[in-house]
Amino acid sequence: MLIKLAWRNLWRNKLRTSIMLSAMAFGLIGVVTMIGFMNGMYGNMIDNAISWQTSHVQVHHQGFVDNPEINLTIVEPERITAELERMSEVIAWSERFIVDGMVASARSSRGVRVNGVDIDAEARVTPIASSVKEGSWLPAEGRHPVVVSSKTAQRLRLKLGSKVVITFSDADKDVTGAAFRVSGIFSTPSTSFDDGNIYVRRSDLIAMAGIEGSHEIAVLLDDSNSMSNALAVMVRDKIRLITSNENNVRDWQQIQPMLASIIAQMGPSNAILLGIFVSAMGFGVVNIMLMSVFERTREFGVLMAVGMQKHKVFALIIFETSLLGVTGATIGLVSSLALVELLQITGIPLGNMAEGLGAFGVDTTLYPQVAASEYRYIFITVVLVCVLAALYPARQILKQRPVDAMAEKH
């Protein structure tokens, strides 16, 4: 009965209630879309970092992480790969022979990380093979092919078939080098990654270095939740149990602590955004309800005079604001859900910001993401704030005696 009465009271002034509901709905659409945009951007950054750079788990020699010496190869890598073969969580892995060296063309030279990779294994772990824009991925046949990024090609003025010379210090600390031919030019979402990496066949690099082994094993897992590294931690611990203490096994959040920081601050930043909105909304609801109860002071006085208990008057006002909050939150969140679903199809093009986004490894088209738990959290927060906003107006009525309330001339 009280709920029915509260709903009718809410619509006694249709214009005022409609304006408040519209403000709540448009405000929620803005907040949810902004949260979705931030989630999409951070999620894209993390997905790209895992796909292109870190994978989910990496294995190195203990000393290689801090000092990438060519002699610091992984101890007994065959035990690790045999264990990976048995793990159902593992999709693929790639052994890499890595050296820091110099690539030089006839026009210029620059320092790069030379990734010696097994062609098929690398193509399964990273999207690098499918991202080749010109030419092709490393061929199995042919003498010394190399795949460079479009940025490196631009800086060194290279094109398909161009000759480059790669030099680095071999196992005996002597400078070694060889001529390579550009077989492909790739491009990734990260300009910094493009700037510093080239790919050659692992066998070619090992022959030049004069040392066997691998410096890095990158492991890709069957894990669709990019915001959690729980599966990566589990696989990391399994590998640690069977490998030498001289090897260093890390999950992707340990490899790039910045990604862990981003995930940690996503919740607080979204909460601050929502907090600003609900604070403004709360003051608006207080104002609306104050106007509403002052207009009906005499009415409340009459109700109390004929025997309506004060807790029922209090409940009536609380129900009115609760219904206002539920209606506004429902309209706003349903509209937000429709908009986010639409943007997940069309995407948000940010081509004009390509250079800046590329520095952070973010694609130029973003797709907002809002989890169901975030919709629930926002709904509960809005309704709760509306209830709290009703306490002050309700107190203004309840502290009056019925005779004083009936004497009011509002």
Side-chain angles (χ1 to χ4, degrees), residues 17-51 189-190 224-228 258-259 261-285 287-288 321-389:
T17 302
S18 299
I19 290 174
M20 190 63 211
L21 289 176
S22 300
M24 292 173 68
F26 282 111
L28 279 174
I29 291 172
V31 169
V32 173
T33 305
M34 181 59 70
I35 289 175
F37 178 81
M38 299 299 288
N39 289 348
M41 185 174 69
Y42 290 143
N44 184 260
M45 185 190 303
I46 292 168
D47 286 342
N48 285 341
I50 292 174
S51 296
S190 173
S224 59
N225 185 3
S226 59
M227 296 297 173
S228 170
M258 185 188 74
L259 299 181
S261 300
I262 288 173
I263 293 174
Q265 64 84 35
M266 282 176 65
S269 63
N270 288 342
I272 291 172
L273 194 63
L274 180 62
I276 294 171
F277 165 72
V278 296
S279 298
M281 183 200 71
F283 286 115
V285 173
N287 185 45
I288 289 287
T321 53
S322 298
L323 289 172
L324 183 68
V326 169
T327 306
T330 302
I331 295 172
L333 291 181
V334 169
S335 303
S336 303
L337 178 64
L339 180 60
V340 170
E341 290 294 322
L342 177 64
L343 292 176
Q344 283 183 346
I345 297 172
T346 63
I348 302 174
L350 300 170
N352 294 333
M353 303 166 63
E355 192 67 27
L357 292 172
F360 294 98
V362 179
D363 290 332
T364 53
T365 302
L366 289 182
Y367 297 89
Q369 301 172 8
V370 182
S373 59
E374 290 177 306
Y375 283 113
R376 286 197 297 271
Y377 175 71
I378 293 171
F379 181 85
I380 293 171
T381 303
V382 169
V383 175
L384 183 62
V385 168
C386 285
V387 172
L388 293 175

| query | Just by modelled atom types, is the Leu324 backbone N or O under 3.5 Å from a matching donor or acceptor in the Thr327 side chain? | reply | no

| note | d(Leu366 CG, Tyr42 OH) to nearest 0.5 Å is 11.5 Å

| task | Grab the two heavy atoms, one from Ala389 and one from Gly282, that are nearest each other, plus how far apart they are. | result | CB-O, 3.7 Å

| task | Any chance you could measure Ile263, atom CD1, to Met258, atom CE, to the nearest 0.5 Å? | result | 10.5 Å

| field | Minimum heavy-atom distance between Ala25 and Ile331, given as atom pair plus value | value | CB-CG2, 3.9 Å

| query | Roughly how far apart are Ser322 OG and Leu384 CG, rounded to 0.5 Å? | reply | 9.5 Å

| What heavy-atom pair brings Ala264 and Pro268 nearest, and what distance separates the two atoms? | O-CD, 3.2 Å

| Does Ile35 offer a backbone N or O that forms a donor-acceptor pair with the side chain of Asn270 under 3.5 Å? | no

| Is the shortest heavy-atom distance from the side chain of Met281 to the side chain of Val382 under 4.5 Å? | yes

| task | Can you measure from OG1 (Thr330) to CE (Met24) and round to the nearest 0.5 angstrom? | result | 9.0 Å

| field | Residue pair Ser190 / Asn48, side-chain heavy-atom distance below 4.5 Å | value | no

| request: Would you indicate whether the side-chain heavy atoms of Val370 and Ile378 approach each other to under 4.5 Å? | output: no

| request: Would you give the length of the straight line joining atom CZ of Phe37 to atom OH of Tyr367, rounded to the nearest 0.5 angstrom? | output: 13.5 Å

| task | May I ask you to test the Gln265-Ile262 pair for a side-chain heavy-atom distance under 4.5 Å? | result | yes

| note | For Ile29 and Ser335, the nearest pair of non-hydrogen atoms, with its separation, is CD1-CB, 3.5 Å

| note | Taking every heavy atom of Leu21 against every heavy atom of Gly328, the minimum-distance pair comes out as CD2-N, 3.5 Å

| Met38 vs Leu273 side-chain heavy atoms within contact, under 4.5 Å | no

| message | Can you confirm whether more than 12 heavy atoms, excluding those of Met266, are under 6.0 Å from its CE atom? | response | yes

| Which heavy-atom pair separates Leu333 from Phe379 by the least distance, and what is that distance? | CD1-CB, 3.6 Å

| query | Going from CG on Leu28 to CG on Leu337, what distance comes out if it is rounded to the nearest 0.5 angstrom? | reply | 12.5 Å

